[in-house]
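What follows is a short report on a single structure.
Chain letters run A, B, ... following the sequence lines, proteins first and then strands; every chain starts at 1.
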2 protein chains.
Amino acid sequence: MDAIDERLLALLVEDGRASYTVLGDRVGLSAPAVKRRVDRLVADGIVRGFTAVIDQAHLGWTTEAYVEVHCHGTIGPEELRASFAGVPEVQDAATVTGQADAILRIVARDVRHLEDALERVRTRAAAVERTETAIVLSRLVERRAALGTAD
Amino acid sequence: MDAIDERLLALLVEDGRASYTVLGDRVGLSAPAVKRRVDRLVADGIVRGFTAVIDQAHLGWTTEAYVEVHCHGTIGPEELRASFAGVPEVQDAATVTGQADAILRIVARDVRHLEDALERVRTRAAAVERTETAIVLSRLVERRAALGTAD
DNA sequence: CGTGAAACATTTAGAGG
DNA sequence: CCTCTAAATGTTTCACG
């Protein structure tokens, strides 16, 4: 990971389909050299993969919410993971410090659909005591930056 | 947006660098037909772009947190957006319903760095009254699914 | 690690159903 | 809206500094 790798990461975050030739022009290397570096970044796990960024709202999924999950008793992360993964509307889930046991980010078509997904979250994980939902009013920042390039 | 477009979205979310030839084989179309469809999905804004997925932890950014921001008085979303965008560690920010005014997701190198970023969040937005931070213990789910394909 | 050349594959515009 | 063709580009391997 030198300075050129960092620039390549930033360029690939910006345009994941950029050709090796173009990347090479930008960082001052030949296409084969760039390919070797990118292959290495992928092999090392620094680049986990490439993906299309989908605009949820354009597909009619207009409701997004952050959900605090409070559980009773002690519950392992693995059990929670299995439960949340079973609800496809759950885009992100993580156990956290503080009063809540986990925080979810749920994307749904509308409020009715969100309610339905929440109901499934509650019944899938038996240990869920209650949930506290904060519906997103407007998204202010949505960054997909190459870290280390961000500061 | 027909069934083929949905399958293309799912394939492109899975591998954002997949060639039109391969995509065409998977959906039963020729490469030019696939390119036209993908170009249209991008032009229509359904596909916002393509990006590399970076593994933050591999770059030494191991601390992630969800932060509730409480403000005093009334404050517009635009003012908040400008403040949060000025702190590069803020990966996501959204105004929400409920007691908190906004929820942030911050990624930092370590707890000390997180504290530093939080300090900048508080001073950048003058209206911030207090913040409530939940540090991520373990990430359970991290989905980047093509919606509409998720259910 | 890098480069340049060469083989191979993909992209992309145009013609036509 | 698709396919086919064909030239332009891009990818990938390899020999070499």
Side-chain angles (χ1 to χ4, degrees), chain A residues 1-61 109 144-151, chain B residues 1-61 109 144-151:
Chain A
M1 270 297 293
D2 59 9
I4 293 184
D5 284 334
E6 282 187 16
R7 291 181 58 200
L8 285 175
L9 285 182
L11 291 166
L12 283 171
V13 166
E14 183 124 5
D15 177 9
R17 280 183 86 92
S19 76
Y20 295 127
T21 309
V22 167
L23 294 172
D25 286 349
R26 298 286 212 95
V27 303
L29 287 180
S30 63
V34 170
K35 178 183 164 22
R36 267 211 297 263
R37 279 172 179 265
V38 174
D39 285 349
R40 202 199 62 231
L41 289 169
V42 172
D44 289 355
I46 293 170
V47 172
R48 225 185 292 171
F50 297 90
T51 190
V53 181
I54 307 297
D55 190 327
Q56 309 161 338
H58 265 78
L59 290 174
W61 291 56
R109 276 182 291 262
R144 35 170 194 283
L147 303 175
T149 325
D151 53 343
Chain B
M1 269 296 295
D2 58 9
I4 293 183
D5 284 335
E6 282 187 16
R7 290 181 59 200
L8 286 176
L9 286 183
L11 291 167
L12 284 171
V13 167
E14 182 123 9
D15 177 9
R17 279 183 87 92
S19 76
Y20 296 128
T21 309
V22 168
L23 293 172
D25 287 348
R26 298 286 213 95
V27 302
L29 286 181
S30 64
V34 171
K35 178 185 167 15
R36 263 201 307 271
R37 280 172 178 264
V38 173
D39 284 350
R40 203 200 60 233
L41 288 168
V42 172
D44 289 355
I46 292 171
V47 172
R48 225 185 292 171
F50 297 91
T51 190
V53 181
I54 307 297
D55 189 326
Q56 310 161 336
H58 265 77
L59 291 173
W61 291 56
R109 276 183 291 261
R144 35 171 194 282
L147 303 174
T149 325
D151 53 342

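Put simply, the side chain of B/Arg7 gets close to the backbone of B/Arg26: a donor and an acceptor are under 3.5 Å apart. Distance alone, capped at 3.5 Å, is enough to place a donor-acceptor pair between the B/Asp2 side chain and the B/Ile4 backbone.
Among the nucleotides C/dT3, D/dC2, C/dT12, the one closest to the side chain of A/Arg36 is C/dT3. The side chain of A/Thr21 lies closest to D/dG10, out of D/dG10, C/dA5, C/dT12. Across D/dC2, D/dT11, C/dT10, the shortest atom-to-atom separation from the side chain of B/Ser19 is found for C/dT10. Picking from C/dT12, C/dG2, D/dT3 the nucleotide with the shortest atom distance to the side chain of B/Leu29 gives D/dT3. Residue A/Ala33 places its side chain closer to C/dT3 than to any other of D/dT12, C/dC1, C/dT3.
Summarising the geometry, the separation between CD1 on A/Ile4 and P on C/dG2 is reported as 6 Å, rounded to the nearest angstrom. Taking atom CG of B/Asp5 as the reference point, atom C1' of D/dC1 lies 12 Å away to the nearest angstrom. Here the C1' atom of nucleotide C/dA9 and the NZ atom of B/Lys35 are 17 Å apart, to the nearest Å. In this structure, the CG atom of A/Asp39 is 15 Å from the C1' atom of C/dC1, given to the nearest Å. Distance CG (B/Leu23) to P (C/dT11): 8 Å, rounded to an integer number of Å. In this structure, A/Leu8 places its CG atom 14 Å from C1' of C/dG2, rounding to the nearest Å. Taking atom OH on A/Tyr20 and atom P on C/dA9, their separation rounds to 16 Å, with Å as the unit.
Contacts of B/Arg17 with the nucleic acid, taken as non-hydrogen atoms under 4.0 Å apart, involve only primed sugar atoms and P, OP1 or OP2. Counting non-hydrogen atoms under 4.0 angstrom, B/Arg37 reaches the backbone sugars and phosphates but no base.
Nearest heavy atom pair, residue B/Val34 against residue B/Gly24, reads CG2-CA, 3.5 Å. Residues B/Met1 and B/Arg40 come closest through the heavy atom pair N-NH2, 4.0 Å. Nearest heavy atoms, A/Asp55 versus B/Gly45: CB-O, 3.2 Å.
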